[in-house]
Structure formats: structure tokens, C-alpha cells
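One structure below.
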Amino acid sequence: MNIPIMLAANSRNFWEQVVYLVQMGGKDFLQGAEKTILLAVVGTVIGCLIGFLIGLVQTIPIQPRDNLVKKIFLKIVRIIMAVYIEVFRGTPMIIQAVVIYYGSQQALGINMTAMFAGFVIISINTGAYMSESVRGGIESIDRGQTEAAKAIGMTHFQTMFSIVFPQALRNILPQIGNNLIINIKDSSVLMIISVAELFYATRTLAGTYYDTYGPFLIASVIYLSMTFPCSRLLRWYEKKIDGPDSYNLAGTNTKGMPVKNRRSSGLTMQMLNRKHSGQRSAMR
Amino acid sequence: MRNDNKAPVIEVRHLVKNFGKVEVLMDIDFKTYPGDVICVIGSSGSGKSTLLRCINLLETPTGGDIIFNGKNIMDRKTSVTDYRAKVGMVFQQFNLFNNMTVLQNCMTGQIKVLKRSKKEAEETAMKYLTQVGMDPYINAKPHQISGGQKQRVAIARALAMEPEVLLFDEPTSALDPEMVGEVLEVMRELVQNGLTMIIVTHEMAFARDVSTRVVFMDKGVIAEEDTPEVIFNNPTNPRTKEFLARFMHDQ
């Protein structure tokens, strides 16, 4: 902190000041943004895994023919999961951060870095929300899908992993996108345990240059430029999962691969009807 | 057709199913021999579908036994998944896997349950898809094909598991009249191939033509069970007469 810079701040107009801040603090902003995106992405991915794991356990059917140990074990696990969801959805993340970070030091003697604590906090917080989304996603899948899978002899886990989860995942993708964007923004609460993410970096820069408005305006632009591509990327992924609108009749291409080309798939719709009627009469 | 010297494939003994206090099935007994085509008829709510779902354990029976090739599948030690792999099921609502193409629908069970190689699974799937006339549509997703086509794929999916018995739960009830024909045609072909089938249906003409025996269910019990000739021409039970008279009248 030196006096010439502070004096110079008064002599620059607003835009000159912004350019100056980007030049001087650009590296700090970027380092902060990098941590923010890392925290958000890792936290969302692990949170989703927690969500699916809980969804999987919650849907295990308890049947009269099951043995007692399995029944009791499942009951206990489900109670623990219910408590987890209620506690982490029902308290602010900023308080969870303090309790987990300082609590683990004071009460349990575990020393973790602030960054590691950040990953843990975002993951388990997202997990609590995601497990409810996953439950909704699983419930939205028609029971007939499960019944058909069971009728060909699939186990509960096979049914879940190959039939129900892929469809549930598609249905909750918008929710996952929501969580990712929320995590990009809400990771800012981790400044309370001094994780040097974007908000923390911005606050430091504001102090350094005696300017609040400039750094926070720049930070808001950086936040937006992280959230916007994420939401577009997820929208694109949704479309990709849905697959092409039309399909190719076997025989019209030799490898039996789905056709992505619009022109040729348009052709197949007409051929389909023609071929269909021919097919039926050939069978008789 | 029927050979009484053979042991039954599926034998249902004193089967009872309650939903809460409602008794849906009361003391059901019947046997299915290899090569049998049993059509189960009766008015809605008579317990036909529940019976079929109990046989496949999609509903847990409240009481009674189901014997499959001499093994009691109600016994805890019997593997439900192994049993289901040998007893196929075709649903009223098709229930094709929406996240898979037609071909994948017919392959996934073979790979996951029967542990067949991908190549073998594809060959088997293609064989049965060709049989039901759906081989040109292997790349389509379920939402892209018609109801009749879906049901034919569902039949191919069940056949690809090469089951000993195939159960049909009102396979044509969700189809419009034009599509009923194409599905029944496929099913007639299966009858000719000698597949053992239990069919819950409202298609009386079909039941009369193809079945080796007809089971008439009424209010949770088997009211009458006999050859199609007897059931359709000389039913003894007054309820059977009444049901068929009303049905023929509607036709």
C-alpha cells in the first residue's frame, strides 16, 4: 500500500479505475475465480453422487421375505440419512462452514486446510439438496419401467443403474444445473473460514485499493461469466441425452449407427412408412 | 396337444392375495403344462391381472404356493431373479425402457441377467425382432414408434430371454383396433411354435382359436376352467354364460 496509488485513484475517472484494477488485481481475481469454480464443480459432482447413493438406498424395497438383520440395518441407515438431509438443508451453509472447520479443529483435533473443508462443506450441503431431487427424479419414473426390468430378472441394483437412474438423471438435470450455479455463487460464504475464493479475493483487493465499488463490479462480471457458460453447457447436455429427433431404419446405413445428419434422417421418416407397410404384408 | 404325463411347468396352489382387507384372489388352483396356451378371461376386477402379477411375483401373494418345475418359488431360498428370467412377461402398457433403443431393449436383459456376450445378445435380439417384424426399427427409441410396434418389441424383448413360460397381461387392451391385429398375429405365430403361454385377454375370438384351455375368473375365484369348445359353446357355470352372452352381444 503506497500513497502514490491512493492519490492516483482520485485522479482517474471510473472506467480508468476499472482498467487499473483489472491490471493490478487481475491475477488475484483469476486465482479467486479458479478456486470458486473448482469448489463449485467438485462440490456439485460429489453432492450428486451423495444424492444418488441416498436415492439408491431409499428405494431398496423391504420385503416380507427379507431377513431381520437386513430390515433393521436398512431402517437405521434410513434414519441416519433422514437426519442428515434435515440438518444440512435446515441450517445456513455459512454456519455449517464455521462449525465443521473450527469444530473439527477444537472438538476432534482434526486439522484440515480451509480449502479441503470448503470441498467437504459444499459437497455435503449439495448432497442434502440433491438427495431430495434424486428422490423426486426416481419417483417421476413410471413404475412400469421398474416392473419390466424386474420381469426380465434384473436385481434391484441392475434395475436402478441401467433403467431408472439414466432416466431420473435426465429429469433432474435442470436441478443439477441449478445447484451448480448456486454453488458458484454461494461458495462465497466460505470466506468466513478464509478460503481464498473470488469473494475473498475481491474483498482483499477492495481493502488494498481503498475502492469498494470497482472490485465488486468486476467480481460480479466474473461470477456471471462463470454461471452463464455453465447453464448453457448443461442445456446442451440435456439435448445430447435426448438424442436425435428421428431415427434411421436398419439397412439404410450399413453399420446400424444412429444418424446425426438432419438431411438423411428427414428422408427416413418417409421411407419408414413405405417400408413398414411392405414389411407387414411380407409377413402374411 | 396336452400331455398329462408331463409335470406341470407352473402349478399354483391355494393362492390368496389381499390388498388390505379386500380379497382379490381366493384360493386359486391351476396347472400349466409345457405347450399349454391358457387364456384367462373374465370381467374387469375379477383378479385376472393380479393372478398373472402374482405368478411373476410382481405382487407378493398373501398365501399359497407357486411351484415352478417342482421348486416352490415362495420359498425364501429360491432366487426370485433366476425364476423371473425364465418366466417372461408382456405388459398392457408395453413398458419398453425409454432410455434405450429398440435393439438395446432386447439386449439389456440378456447381457445383465443371462450374462451373454454383446455379440450373442445382439444376434438373439435380431432373431426375435425379425420374427415380430421389428428388425428395421432397431435404432428407434420407444417414443418414436406406434403402440402396436411397441408391443411387438416388448414381445421380442421377452422372447430374447428365451423363457419357458410367457405371461401376457392384456397385451392388446391399450391398442386401437387396427393395431390389435398385428400383435395377435405375432402371438398366433408363438402358439404355432409351441411356446407355453398364459394370456389374460378380452379378445374372445383369439382365446377361442388359440388356447388349449380357458380359465374364466369371477370375483377372485376360478369359476370355470375347460377347453375353449366347452367354455364358449357349453359353459356350465351361469356366470360364464352371462359374461359371454354380454360379450357376444357387445361384439
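FYI, side chains are in, hydrogens and waters are out, and symmetry mates aren't considered; it's all heavy atoms of this structure.
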Look at atom CZ of B/Phe19 and say whether more than 12 heavy atoms of other residues, nucleotides or ligands are closer to it than 6.0 Å.
-> yes
Okay, B/Asp75 and chain A: the region with an atom under 4.5 Å from a heavy atom over there is backbone
Let me know if B/Ile145 has heavy atoms under 4.5 Å from chain A in its side chain, its backbone, both or neither.
-> side chain
Heavy-atom donor-acceptor pair, A/Gln158 side chain to B/Lys112 backbone, under 3.5 Å = yes
May I ask you to name which of B/His143, B/Arg53, B/Gln110 has the most heavy-atom pairs under 4.5 Å with chain A?
-> B/Arg53
Please look at B/Met100 and chain A and tell me whether the side chain, the backbone, both or neither of the residue comes under 4.5 angstrom of a heavy atom of that chain.
-> side chain
Contacting moiety of B/Asn98, where chain A heavy atoms sit under 4.5 Å | both
Which heavy-atom pair separates B/Met89 from A/Ala151 by the least distance, and what is that distance?
-> CB-CB, 3.9 Å
So what's closer than 4.5 Å to chain A heavy atoms on B/Val87: side chain, backbone, both or neither?
-> backbone
Residues of residues 39-62 of chain A near chain B, each having a heavy atom less than 4.5 Å away | none
Distance-only criterion, 3.5 Å: show the donor-acceptor pairs between side-chain atoms of residues 163-170 of chain A and protein atoms not counting sequence neighbours.
unit_1: A/Gln167; atom_1: NE2; unit_2: A/Gln145; atom_2: OE1; d: 2.8
unit_1: A/Gln167; atom_1: NE2; unit_2: A/Ile163; atom_2: O; d: 3.2
unit_1: A/Gln167; atom_1: NE2; unit_2: B/Asn99; atom_2: OD1; d: 3.3
unit_1: A/Arg170; atom_1: NE; unit_2: A/Asp242; atom_2: OD1; d: 2.6
unit_1: A/Arg170; atom_1: NH2; unit_2: A/Asp242; atom_2: OD2; d: 3.3

Considering only heavy atoms, which portion of B/Leu103 lies under 4.5 Å from any heavy atom of chain A: side chain, backbone, both, or neither?
-> neither
Would you indicate whether A/Arg143, at its atom CZ, is surrounded by more than 12 heavy atoms from other residues, nucleotides or ligands within a distance under 6.0 Å?
-> no
Give, for atom CZ of B/Phe97 and atom CD1 of A/Ile141, the distance between the pair rounded to the nearest 0.5 Å.
-> 12.5 Å
Locate the shortest heavy-atom distance separating A/Ala148 from B/Arg157; write the atom from each residue and the value.
-> CB-NH2, 3.5 Å
Kindly write out the residues that satisfy side chain to side chain contact (heavy atoms under 4.5 Å, CB included) with B/Asp82, not counting sequence neighbours, or none if the list is empty.
-> B/Ser79
How many angstroms lie between atom CG of B/Asn95 and atom NZ of A/Lys150, to the nearest 0.5 angstrom?
-> 12.5 Å
What pairs with B/Asp27 under side chain to side chain contact (heavy atoms under 4.5 Å, CB included), at least two apart in sequence or on another chain?
-> B/His14, B/Asp29
Report, as yes or no, whether the 6.0 Å neighbourhood of atom CZ on B/Arg188 holds more than 12 heavy atoms from other residues, nucleotides or ligands.
-> yes
Between B/Val80, B/Val90, B/Leu57, which residue shows the highest count of heavy-atom pairs closer than 4.5 Å to chain A?
-> B/Val80
B/Lys71 atom NZ, neighbour heavy-atom count above 12 within 6.0 Å = no
